[in-house]
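Just so it is clear: chains get the letters A, B, ... in the order the sequence lines come, proteins before strands, and each one is counted from 1. Values below: all heavy atoms of this structure, side chains included; hydrogens, waters and symmetry mates excluded. Worth saying up front: this structure is predicted, and the values here are computed from it rather than measured.
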Amino acid sequence: MEWSQQPGGPGDIGMKRQHRLLRSADFARVRRQGRSWAHPLMVLWADRNELPVTRFGFVVSRRIGKAVVRNRVKRRLREAARRHLHEVPPGWDLVILARAPIVQARFAEIENALTQLLARARSWMAERMAAA
RNA sequence: CGAGAGGGUCAGGUGAUCGCGGGCGGCAUAUGCCGCCUGAGGAAAGUCCGAACUCCACAGAGCACGAUGCUGGGUAACGCCCAGGCAGGGUGACCUGACGGCAAGUGCAACAGAAAGCAGGGCGCCGGCGGGCCAUCCGGUCCGUCGGUAAGCGUGAAAGGGUGGUGUAAGAGACCACCGGCGGUCCAGGUGACUGGGCCGGCCAGGCAAACCCCAUCGGGAGCAAGACCAAGUAGGAAGGCGAGACCGGCAGCCGCCGGUCGCAGGGCUGCUCGUCCUGGCCUUCGGGUAGGUCGCUAGAGACGGCGGGCAACCGUCGUCCCAGAGAGAUGAUCACCGCCGCCGGUCUCCGGCGGUACAGAAUUCGGCUUAUAGAUCCUCUCGGGGG
RNA sequence: CGGGGCGUAGCGCAGCCCGGUAGCGCACUUGAAUGGGGUUCAAGUGGUCGGAGGUUCAAAUCCUCUCGCCCCGA
């Protein structure tokens, strides 16, 4: 199943600031009220946002590494999320927390891990939306 | 050719697909879309110094405190840079140096050693006296005791000049010559640190100031979460403690309000005293609100090139150029090929496969320092070997 | 952006200010008391003082640089 976020093809969509989670209060809300799924490389939280778009937030703590390493991890996570943005129904906030082994992972492994987590989250989202 | 010294530059490249921040223009204007331009470093790092800028009350004097410490220059400034002096290291090119003062004061030195800061006497050497033994005598030797001595032994990181001589009972800068070191003075060179030399003195006045300290110079405090504006919003709320008001004038003509003088209290972003300024109730504790936006925010002690001055750091002048500005924080992701390095295999001047390709990410902005760093490349110089 | 603290034996800490011997508790080893264990007693082993350089005769201690960890304020 696919949900088109923008007019245009699903594979080359952008990921501008409207798809990003930027405020500290939003992060706190998702991690407190939402549900989580874990993977050795990352942890995913999800919560409804009552908006017509999906928003992603990324958490890379200082435990992961130096500034260069943290920035690289964040960019690769953002790229992976951008490629799979169309697989998520609109109206959800998603927070991804990086775990330490992600530093050594290849991009294909990161993308695979994200795909697994999104697949597990999608069924729960469908239940919640049907219930609503 | 080998080994080395000093300095500079670069920080993999090309292509494809898909993206992100900022600026401008257009269409639209709830939000967006399209086009063009632009977008990390030599250290952006550590935050160790110095400044700009902003606010505090335009910020003064003394003390305290802190920093710096050979000389001259450069600079907006510096704890930085350049040149020089001195000391140490290296065959050399060169490198290194917190390099003012311990003949101002107060302190410190374990263990060893007889003795460690003012001298000191264990063994030894020498002399006097007493006694024992040997000897015909001259005397010799041993023990004790009282002195002299700083040559020798030995301890130590360090034992208070060195060598030679005179001298003496033995010795000693006690005296002499030379050398080394110190102080004073004069001359010459140098802006100066300092260097060279002459004369005189006195023979020694030890080490540690990254020990307290003294001297000289410098330093008001805080920091872009500085600070300014807009919007939204709460409670000029509660408790406790301390307290000092007086007079004059005006309005009012009850409560009271305004202005001034004197006094008092509190505060003034590290402490104390003074000066000065601000407030008129103040202080402490508890409680309440704020996590929106805009500016500051990138044209500057700016970059590059030419010319001129200077040994140099650097400065002057002319021309050209505009070079990131985010805010959960852009500057990227994936793939292919070519460079470079290593390993393995082959029909080993080549081909194929695999792996690696550094340190590291602007956050107010500059000038430095320090630390990290795969490699590539250029210039100058030194030493050794060989050849012409 | 600014400020503070810590690093010493396997673990938790003294010693640093004012420089000369690295010490305490638990743990470990051996021995004794017990039929055995625990407990107790006695003896013992064990430390590049985070790293590098410097000052000094001598550095855990003083100075400079650096690494790691933790905390606080705006």
Side-chain angles (χ1 to χ4, degrees):
Chain A
M1 35 163 88
E2 284 190 357
W3 290 269
S4 182
Q5 302 274 342
Q6 299 293 331
D12 59 344
I13 57 171
M15 189 163 180
K16 303 221 179 220
R17 303 226 156 248
Q18 63 167 343
H19 297 116
R20 296 291 310 284
L21 206 57
L22 298 175
R23 294 175 48 119
S24 183
D26 292 331
F27 278 83
R29 194 199 75 240
V30 172
R31 293 183 65 171
R32 191 177 59 250
Q33 301 180 359
R35 200 180 153 183
S36 69
W37 297 268
H39 185 272
L41 295 181
M42 64 187 78
V43 183
L44 171 74
W45 280 270
D47 187 40
R48 308 253 358 210
N49 64 3
E50 310 297 335
L51 291 172
V53 293
T54 302
R55 294 192 301 180
F56 271 95
F58 305 95
V59 177
V60 184
S61 81
R62 250 189 71 185
R63 299 174 49 85
I64 300 298
K66 298 179 176 182
V68 176
V69 177
R70 293 200 305 271
N71 284 343
R72 186 169 62 239
V73 166
K74 231 174 198 180
R75 287 183 195 124
R76 298 176 96 183
L77 280 175
R78 203 164 57 231
E79 174 69 12
R82 187 182 64 81
R83 291 187 176 193
H84 298 279
L85 184 61
H86 62 278
E87 299 175 7
V88 180
W92 291 84
D93 281 345
L94 304 168
V95 170
I96 297 172
L97 175 104
R99 287 179 153 177
I102 203 172
V103 177
Q104 281 82 23
R106 287 179 285 112
F107 181 75
E109 296 173 344
I110 297 174
E111 194 171 16
N112 187 38
L114 181 66
T115 309
Q116 290 180 26
L117 289 176
L118 288 179
R120 289 162 62 187
R122 250 198 324 270
S123 57
W124 179 75
M125 292 178 183
E127 290 178 19
R128 288 288 302 269
M129 292 169 75

Between B/A210 and C/U56 - C1' atom distance, rounded Å: 10 Å

Which nucleotide, if any, forms a Watson-Crick or G-U wobble pair with B/G386, using both distances under 3.5 Å? none

Pair assignment for B/A188, Watson-Crick or G-U wobble, requiring both distances under 3.5 Å: B/U195

Does B/C137 pair with anything, Watson-Crick or G-U wobble, both distances under 3.5 Å, and if so, with which nucleotide? none

For A/R78 and B/U331, is the shortest distance between a side-chain N/O and OP1 or OP2 below 4.0 Å? yes

Can you confirm whether A/I102 sits close enough to A/L77 that some side-chain heavy atom of one is under 4.5 Å from a side-chain heavy atom of the other? yes

Separation of B/A333 atom C1' from A/I102 atom CD1, nearest Å, is 14 Å

Distance in angstrom units between A/R70 CZ and B/A45 P, rounded: 13 Å

Please give the nucleotide sitting opposite B/G319 as a Watson-Crick or G-U wobble pair, both distances under 3.5 Å, or none. B/C304

To the nearest angstrom, the NZ-C1' distance between A/K66 and C/C67 comes to 11 Å

Please give, in whole Å, the distance from B/C335 C1' to A/F107 CZ? 12 Å

Between A/R76 (CZ) and B/A330 (P), how many Å, whole number? 16 Å

Should A/M129 and A/R48 be marked as a side-chain contact (heavy atoms from CB on, under 4.5 Å) after you check the CA-CA gap, both sets of side-chain angles, and the distance that decides it? CA-CA 9 Å; A/M129 292 169 75; A/R48 308 253 358 210; 3.6 Å; yes

Taking B/C56 as the reference, what is the distance to B/A64 when you measure between their P atoms (whole Å, please)? 32 Å

For B/A225 and B/U298, measure between their P atoms and round to the nearest Å. 16 Å

How far does the P atom of B/G88 sit from the matching atom of B/G156, given to the nearest Å? 29 Å

With both distances under 3.5 Å as the test, what is the Watson-Crick or G-U wobble partner of B/G253? none

Strictly by Watson-Crick or wobble contacts shorter than 3.5 Å, is anything paired with B/U9, and which nucleotide is it? B/A376

Looking across every strand, which nucleic acid part, if any, lies under 4.0 Å from A/K74 by heavy atom: base, sugar-phosphate, or nothing? nothing

Between B/C335 and B/U364, how far apart are the two C1' atoms, rounded to whole Å? 41 Å

B/A177 versus B/G167 - spacing of their C1' atoms, nearest Å: 15 Å

Mind telling me whether B/G42 is syn or anti, cutoff 90° either side of 0? syn

Is the base of C/C62 syn or anti, where syn means the angle lies within 90° of 0? anti

Please answer whether B/A328 and A/F58 are stacked, defined here as ring centres separated by less than 5.5 Å and planes angled under 30°. no

Heavy-atom nearest pair, A/P52 first then A/P90, reads O-CB, 3.3 Å

Interatomic distance at C1', B/G384 relative to B/A93, whole Å: 14 Å

When the C1' atoms of B/C304 and B/U54 are compared, how many Å lie between them, rounded to an integer? 33 Å

Rounded to whole angstroms, how far apart are CZ on A/R29 and P on B/A291? 17 Å

With syn defined as a glycosidic angle within 90° of 0 and anti as the rest, where does B/A40 land? syn

Under a 90° cut-off about 0 for the syn range, is B/G32 syn or anti? anti

With syn defined as a glycosidic angle within 90° of 0 and anti as everything else, classify B/U31. syn

Round to a whole Å and report the spacing from CZ of A/R20 to C1' of B/G332. 13 Å

Please tell me which of the listed nucleotides, B/G361, B/A328, B/A333, lies nearest to the side chain of A/V59? B/A328

Less than 4.5 Å apart, any side-chain heavy atom of A/H19 and any of A/R82? no

Chi angles and distances behind the side-chain contact (heavy atoms from CB on, under 4.5 Å) call for A/M42, A/I110: CA-CA 9 Å; A/M42 64 187 78; A/I110 297 174; 3.9 Å; yes

Atom CZ of A/R82 to atom C1' of B/A330: distance rounded to whole Å? 15 Å

I want to confirm an ordering. Mapping A/R106 and A/A67 to their closest nucleotides on RNA chain B, which one lands closer to the 5' end? A/R106

A/F58 and A/V73: side-chain contact (heavy atoms from CB on, under 4.5 Å), yes or no, with the steps? CA-CA 10 Å; A/F58 305 95; A/V73 166; over 6 Å; no

Sorted by position of nearest nucleotide on RNA chain B, 5' first, the leading residue of A/R72 and A/V68 is A/R72

Below 4.0 angstrom, N of the basic side chain to O of the carboxylate: do A/E79 and A/R76 qualify? no

Pairing nucleotide - B/C262, Watson-Crick or G-U, each distance under 3.5 Å: B/G245

Is the shortest heavy-atom distance from the side chain of A/L97 to the side chain of A/R31 under 4.5 Å? yes

Name the nucleic acid region contacted by A/R75, choosing base, sugar-phosphate or nothing; use a 4.0 angstrom heavy-atom cut-off, strictly under. base

Does C/A32 have a Watson-Crick or wobble partner in any strand here, with both distances under 3.5 angstrom, and which is it? C/U40

